[in-house]
Amino acid sequence: AAPRLALGQGAAFPSRPITMVIPFAPGGPTDIVGRLMAEAMTKEIGQPVVVENTTGAGGTLGAQRVATARPDGYTVLLHHIGMGVIPTMYRRLSYDPVNGFEPLGLVTEVPMTLVTRKDIPANNLAELVAYMKAQGDRFNLADAGIGSSSALCGALLANAIGVKPTVIPFRGTGPAMQEILGGRVDLLCDQTTQTTEYIRAGQVKVFATPSRHRIATLPEIPTTTEAGLPGFEVTVWHGLYAPRGTPAPVCARLTQSLQAALREPRIVQRFAEIGTAPVSQADATPEAHRRFWTADIAKWKPVIEATASFAD
Ligand code: MLT
């Protein structure tokens, strides 16, 4: 290895701040999870873990930023299910979406919710489906671009209903949610880490969760299957990555910090308030992360290839 990468005698890692790249806009679900993790890791690792939102192109620009960064542990990526779908959704990328990274460990799994502007003229999923069919392309749907979970969920929803709404992409669902709150956009599929607050405050209408089970913290919301729209399920998982080639001892130190952060009472409590939970310590490992990620790519490939909206 090049000398700068060798952790020789006495060479401490980290000796300066670490940049945590978040591939979506500030204020949204990935940013919320990432900032909580960065704060907890800062305490444990003894150097600031500084969040940088590198947004755009459905999360691929942030991923590219880390895949092409110096592999020294000072640039890490907090990304989500996009890592499982981007390898199939994008034919050409300027980075390797699989081999460009060292997985360090899983972070959390977050349920999604289908929310709309508060004044939509529908009061259950069947009425919403009827309204979407009647509106056709006058109905609009916000997402965070191809590769995001909101886009995946939105496309599967449209496909299941057999409609072609107008899709309005944002750099993250943080800004997309502002348009829902302002009544300028109709629908957003988004994670409980952001939507819980607005659902509880009655600032959006919520119709269903595309999960196998109801959400423990929002048990009144039916699953899409219960509400009459079976056939698709999306749950968003998050993981931490270093660039490929980051030395093993540096990766191990980052994984150790990730695991400690996930045990922090504040993380456990805040995650619970926003409808999620840290993964087990066994899942916060490179091995479990790689296994899960590989299986997720294989799981989504046929689904994406069979979904009309992605063939456009
Ligand atoms: C975000 O953080 O903005 C979202 O996770 C993007 C998405 O996947 O929809």
Side-chain angles (χ1 to χ4, degrees), residues 20-38 51-66 77-90 97 106-116 140-158 165 167-181 185-199 204 206 209-211 232-241 270-271 274-276 293 296-297 300 303-304 307 309-310:
M20 178 187 281
V21 173
I22 307 283
F24 296 104
T30 319
D31 188 66
I32 290 170
V33 167
R35 281 177 199 271
L36 287 168
M37 292 305 294
V51 165
E52 177 190 294
N53 299 87
T54 303
T55 68
T60 59
L61 296 185
Q64 176 189 332
R65 156 100 171 79
V66 176
L77 175 69
L78 190 299
H79 207 325
H80 65 12
I81 188 173
M83 294 294 279
V85 298
I86 283 166
T88 307
M89 282 187 181
Y90 282 82
L106 295 166
V107 175
T108 183
E109 271 198 281
V110 186
M112 297 198 87
T113 49
L114 307 183
V115 301
T116 67
N140 53 51
L141 184 155
D143 71 24
I146 299 290
S148 68
S149 58
S150 46
L152 175 69
C153 180
L156 294 173
L157 174 72
V167 174
I168 308 177
F170 293 84
R171 286 181 172 256
T173 56
M177 179 57 91
Q178 294 308 311
E179 299 306 298
I180 295 286
L181 295 173
V185 172
D186 295 320
L187 183 134
L188 174 66
C189 290
D190 200 18
Q191 300 156 66
T192 56
T193 35
Q194 170 162 256
T195 60
T196 297
E197 176 189 344
Y198 301 114
I199 291 171
V204 296
V206 60
T209 174
S211 305
F232 75 102
E233 255 179 51
V234 191
T235 300
V236 181
W237 57 277
H238 295 70
L240 190 68
Y241 305 80
R270 275 299 292 146
F271 274 22
I274 54 180
T276 186
W293 180 23
D296 205 60
I297 293 171
W300 286 111
V303 178
I304 292 164
T307 303
S309 332
F310 294 120

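First listed ligand is number 1; within each ligand, the first listed atom is number 1.
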Nearest option to atom 9 (O) of ligand 1, as decided by whichever heavy atom of Pro26, Ala142, Ser150, Cys189 sits closest: Ser150
Side chain to side chain contact (heavy atoms under 4.5 Å, CB included) assessment of Trp237 paired with Asp296: CA-CA 10 Å; Trp237 57 277; Asp296 205 60; 2.8 Å; yes
Check against side chain to side chain contact (heavy atoms under 4.5 Å, CB included), Tyr198 and Val115: CA-CA 9 Å; Tyr198 301 114; Val115 301; over 6 Å; no
Heavy atom of the protein closest to atom 4 (C) of ligand 1 (residue, atom name, distance): Thr173 OG1, 3.5 Å
Close side-chain approach of His238 to Gln191, heavy-atom, < 4.5 Å: yes
Those atoms of ligand 1 less than 4.0 Å from some heavy atom in Ala144: 6 (C), 7 (C), 9 (O)
Set of side-chain contact (heavy atoms from CB on, under 4.5 Å) partners for Glu52, sequence neighbours left out: Thr19, Val21, Thr54, Arg65
side-chain contact (heavy atoms from CB on, under 4.5 Å) against Pro175, all qualifying residues, sequence neighbours excluded: Ala25, Phe170
Closest protein heavy atom (residue, atom, distance) for atom 2 (O) of ligand 1: Thr30 OG1, 2.6 Å
Parallel, tilted or perpendicular: ring planes of His80 versus Phe24, cut at 30 and 60 degrees: tilted
For Ser148, atoms of ligand 1 separated by under 4.0 Å from a heavy atom: 7 (C), 8 (O), 9 (O)
Where ligand 1 meets Gly172 - atom numbers and elements under 4.0 angstrom, heavy-atom basis: 3 (O)
Any N/O pair Asp190/ligand 1 closer than 3.5 Å: no
Part of Gln194 with heavy atoms under 4.0 Å of ligand 1, whether side chain, backbone, both or neither: neither
Side chains of Leu156 and Val303 in contact at under 4.5 Å (non-hydrogen atoms): yes
Test applied, side-chain contact (heavy atoms from CB on, under 4.5 Å); reference residue, Ile274; option that passes from Thr195, Thr193, Val110: Thr193
Residue, atom name and distance, where the atom is the protein heavy atom closest to atom 7 (C) of ligand 1: Ser149 OG, 3.3 Å
Close-contact set for ligand 1 against Gln191 heavy atoms, below 4.0 Å: 4 (C), 5 (O)
Any Ala25 heavy atom less than 4.0 Å to ligand 1: no
